[in-house]
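These values consider heavy atoms only, across backbone and side chains, with no hydrogens, waters or symmetry-generated copies.
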Amino acid sequence: MANLDVALKNAMQIEGAIGVALVDYTSGMTLGVAGGTAELDLTVAAAGNTDVVRAKIRTIEMLNLNDEIEDILITLGAQYHVIRPLTGRNGKGLFLYLMLSKSRANLALARHQLRGVEESLEL
């Protein structure tokens with residue numbers, strides 16, 4: 001089991017990782033951050049994506065789908081943004097937010113590795 005700092009550091013080892021954050025989608029607060037760039041405030045980006053998560057959860061509820069979000073993918077011109085809500089008992093209301101360079105990342109492998117980071121995360 002990994003604590004938050006170790007888990008974020010492991011996520012930054014994913015090929016193409018630009019930045020990663022653990023975010024509380026009920027409040028929009030970032031609980032931990034690693035990486036990022038001078039041009040992009042990862043905390044602001046992560047907080048902004050709480051609206052994406054909330055909207056998708058509301059939609060699933062309105063459709064009466066008996067399912068959970070595995071991850072949400074946002075594809076930009078030069079980046080992938082992967083949002084992965086935590087499913088463990090202690091992770092309810094939290095999500096991992098991973099930004100990847102599109103030219104350096106293998107999306108399938110990154111999603112697999114982010115799942116491993118989630119599974120190892122000890123909160």
Distance in Å, [X] [atom1] paired with [Y] [atom2], rounded so as to fall on 0.5 Å steps:
X: T37; Y: L40; atom1: OG1; atom2: CG; answer: 4.5 Å
X: R115; Y: S120; atom1: CZ; atom2: OG; answer: 13.0 Å
X: T75; Y: L107; atom1: OG1; atom2: CG; answer: 7.0 Å

Quick check: closest heavy atoms across [X] and [Y], and the distance to 0.1 Å?
X: T30; Y: A46; result: OG1-CB, 4.0 Å
X: A17; Y: M12; result: CB-O, 3.7 Å
X: A7; Y: V117; result: O-CG1, 3.5 Å
X: A47; Y: G28; result: CB-O, 3.3 Å
X: I18; Y: S101; result: CD1-N, 3.5 Å
X: A105; Y: L100; result: CB-CB, 3.9 Å

Side chain to side chain, [X] and [Y], heavy atoms closer than 4.5 Å:
X: L98; Y: H81; value: no
X: I69; Y: I83; value: no
X: I57; Y: I60; value: no
X: L94; Y: V23; value: no
X: D71; Y: L114; value: no
X: T26; Y: R54; value: no

> Please walk me through it: do L4 and L121 pass side chain to side chain contact (heavy atoms under 4.5 Å, CB included)?
Replying inline: CA-CA 6 Å; L4 179 56; L121 185 59; 4.2 Å; yes

> Could you walk me through whether E15 and K102 pass the salt bridge (Lys or Arg N to Asp or Glu O under 4.0 Å) check?
Replying inline: CA-CA 10 Å; E15 187 68 32; K102 207 171 178 182; over 6 Å; no

Is it possible for you to say whether [X] and [Y] belong to one hydrophobic cluster, with membership spreading through side-chain heavy-atom contacts below 4.5 Å?
X: Y25; Y: L22; result: no
X: V82; Y: L31; result: yes
X: L8; Y: V33; result: no
X: M99; Y: V44; result: no

> Distance-only, no hydrogens or angles: does the S27 side chain make a donor-acceptor pair with backbone N or O of M29 under 3.5 Å?
Replying inline: yes

>> I'd like to know if the side chain of N49 reaches the main chain of V52, judged simply by a donor and an acceptor atom lying under 3.5 Å from each other, with no hydrogens or angles considered.
In response: no

> How far apart are the C-alpha atoms of L73 and Y80, what are their side-chain angles, what is the distance that settles it, and do they pass the side chain to side chain contact (heavy atoms under 4.5 Å, CB included) test?
Replying inline: CA-CA 7 Å; L73 173 64; Y80 294 122; 4.0 Å; yes

>> I'd like to know whether T50 forms a side chain to side chain contact (heavy atoms under 4.5 Å, CB included) with F95, so could you lay out the CA-CA distance, the side-chain angles of the two residues, the decisive distance to 0.1 Å, and finally the verdict.
In response: CA-CA 9 Å; T50 60; F95 67 90; 3.9 Å; yes

>> Test side chain to side chain contact (heavy atoms under 4.5 Å, CB included) on E70 and R111; report intermediate values, then the result.
In response: CA-CA 10 Å; E70 185 174 326; R111 289 180 63 223; 3.5 Å; yes

>> Test of understanding: with side chain to side chain contact (heavy atoms under 4.5 Å, CB included), list the residues that count as partners of E118, not counting sequence neighbours.
In response: R84, L86, T87, L96

>> Suppose the criterion is side-chain hydrogen bond (donor to acceptor under 3.5 Å, both in side chains): which pairs have a residue in residues 58-67, not counting sequence neighbours?
In response: none

